[in-house]
Number of protein chains: 2
Amino acid sequence: MTTNKLRGRGRPRTFDPAEAVASARILFHARGYDAVSVSDMTTMLGINPPSFYAAFGSKISLFKRVLDYWAGSGAIPMESILRPDRPVSLSLAVLLEEAARHYASDPSAAGCLVLENTRCDDKDAREAALSFNVAAEDAIREYIALRHPENADCVADFVSTTMSGLSAKARNGHGLAQLLATARLAAIALKGVLPH
Amino acid sequence: MTTNKLRGRGRPRTFDPAEAVASARILFHARGYDAVSVSDMTTMLGINPPSFYAAFGSKISLFKRVLDYWAGSGAIPMESILRPDRPVSLSLAVLLEEAARHYASDPSAAGCLVLENTRCDDKDAREAALSFNVAAEDAIREYIALRHPENADCVADFVSTTMSGLSAKARNGHGLAQLLATARLAAIALKGVLPH
DNA sequence: ATATTTATATAGCGGTCACTACATAAAACA
DNA sequence: TGTTTTATGTAGTGACCGCTATATAAATAT
């Protein structure tokens, strides 16, 4: 994490931007883009606003860096779950259970970073989160379509909707056990609609 | 709607508070509590801040009036859906379909006013919305428990989670057809888990 | 008419927001 | 050493937030 990129000539930084991105993820995940102020961020990082803007440019560009960072490190590993060597309904059931586990894993940052921020008030942040959400939904839909093209759209919508619900409920009182039970109940519908 | 309550002696109001509550519902429903400023509200109502505060006291107390008003007029009529004379799984399927229809009915104010605002950044508004949400979930759980006490908790959680997902998706691109298809898919799980 | 009551319009309160102008400190390079 | 480069800390900017002090306008009551 301490990526001291080879230093050039000026005064050295007093903080590590990569670590700052990881810290920013915690804040954005816990409270959402709108509710985190640049002042909150600079206080947590122990720096002043000019250092923040010199390193990241703007609040929204830091948020985009956080999304990129999280997609490659902490988010649900879709490609390892949506495997071609097991039944689609099983893969989707695993996906929902994994979502339940992820969303409940850190009570101080419950739910999905991407899904929660697809509903924030800042247009740019919302659209940035939405693009990640759309990409994930496309991956799910295409995975289903490989073996169940006729049901891909509505099943993908159902899975996406259930994940949104799981994320929302993770933030409003549902714990791991409840989320898992809901995920397993949803999987019943998947088994029922996908020929096996 | 034009409830001119019997006037006393002072200068008469230039606006109808009951109509203002209905207008406020549209704004809060379309954008959420955080994203609606008092300035937005007074501009829409054609009044000045002092008139607003004289009539409603504060932004949060207007929001609470909006919730009360909406629960009694525009929200999903739970008591007429959760009927004791038909199968629980059927009632819940109707509830989910009705949610889909409600959440998609006004594209400029998509989703559920209550559910969407259980996730806003203002603590008081969030808790006000949450209390309505909890009441609705309790009603669902108790309805299920009358005939399926062993499954009431997890089935109620599943229905609540699905409604949260429907509301979220209604705000992010899913239209009536998609929401209805998702509701019907969720109903398969309900039929599967509730003995009939 | 005058007093009382209530709602109004103007103007602005202190606070927070994302962001920046400016001078300086700390490093590498010549 | 002196120049260049980069990041820093101090101290703000203007815009918007929820909300209000103050004076006045418009009704009823006496």
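Every chain is numbered from 1, with letters handed out A, B, ... down the list of sequences.
- Nucleotides of DNA chain D nearest to A54(A) and I60(B) differ in position, and the one nearer the 5' end is that of A54(A).
- Looking only at distances, a side-chain donor or acceptor of S160(A) sits under 3.5 Å from a matching main-chain atom of A156(A).
- One can place OH of Y53(B) at 11 Å from P of dC17(D), the figure rounded to the nearest angstrom.
- Interatomic distance, R101(B) CZ to L179(B) CG, rounded to the nearest 0.5 Å: 11.0 Å.
- A cation-pi arrangement, defined by a distance under 6.0 Å to the six-membered ring centre and an angle within 45 degrees of its axis, is present between K59(B) and Y33(B).
- In this entry the distance linking CG of D16(A) with P of dA7(D) reads 13 Å, nearest Å.
- Tested against H29(B) for a ring pair (Phe, Tyr, Trp, His ring centres under 6.0 Å), the candidates F63(B), W70(B), Y69(B), Y103(B) yield a single pass: W70(B).
- Atom CD1 of I47(B) is separated from atom P of dT8(C) by 7 Å (rounded to the nearest Å).
- Under the 4.0 Å criterion applied to side-chain N and carboxylate O atoms, R65(A) and D68(A) are not assigned as salt-bridge partners.
- A straight line from CE of M41(A) to P of dA18(C) spans 9 Å, rounded to a whole angstrom.
- I47(A) and Y53(A) fall within a single hydrophobic cluster, where Ile, Leu, Val, Met, Phe, Trp and Tyr side chains are chained together by heavy-atom contacts under 4.5 Å.
- Put simply, CZ on F52(B) is 8 Å from P on dC19(D), counting in whole angstrom units.
- Regarding D34(B), its CG atom lies at a distance of 17 Å from the P atom of dT16(C), rounded to whole Å.
- Between the CG atom of N48(A) and the P atom of dT6(D) there is a distance of 21 Å, rounded to whole Å.
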Just by protein heavy atoms under 4.0 Å, how would nucleotides 22-30 of chain C read 5' to 3' in B, S and -? ---BBBBS-
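- Although no hydrogens or angles enter the test, the distance criterion places a donor-acceptor pair under 3.5 Å between the side chain of R86(A) and the main chain of I81(A).
- In this structure, F15(B) reaches the sugar-phosphate backbone alone: every heavy-atom distance under 4.0 Å involves primed, P, OP1 or OP2 atoms, never a base.
- Residues S51(B) and Y33(A) each lie close to DNA chain C; by heavy-atom proximity, the contact nearer the 5' end of the strand is made by S51(B).
- Distance K59(B) NZ to dC19(D) P: 8 Å, rounded to the nearest Å.
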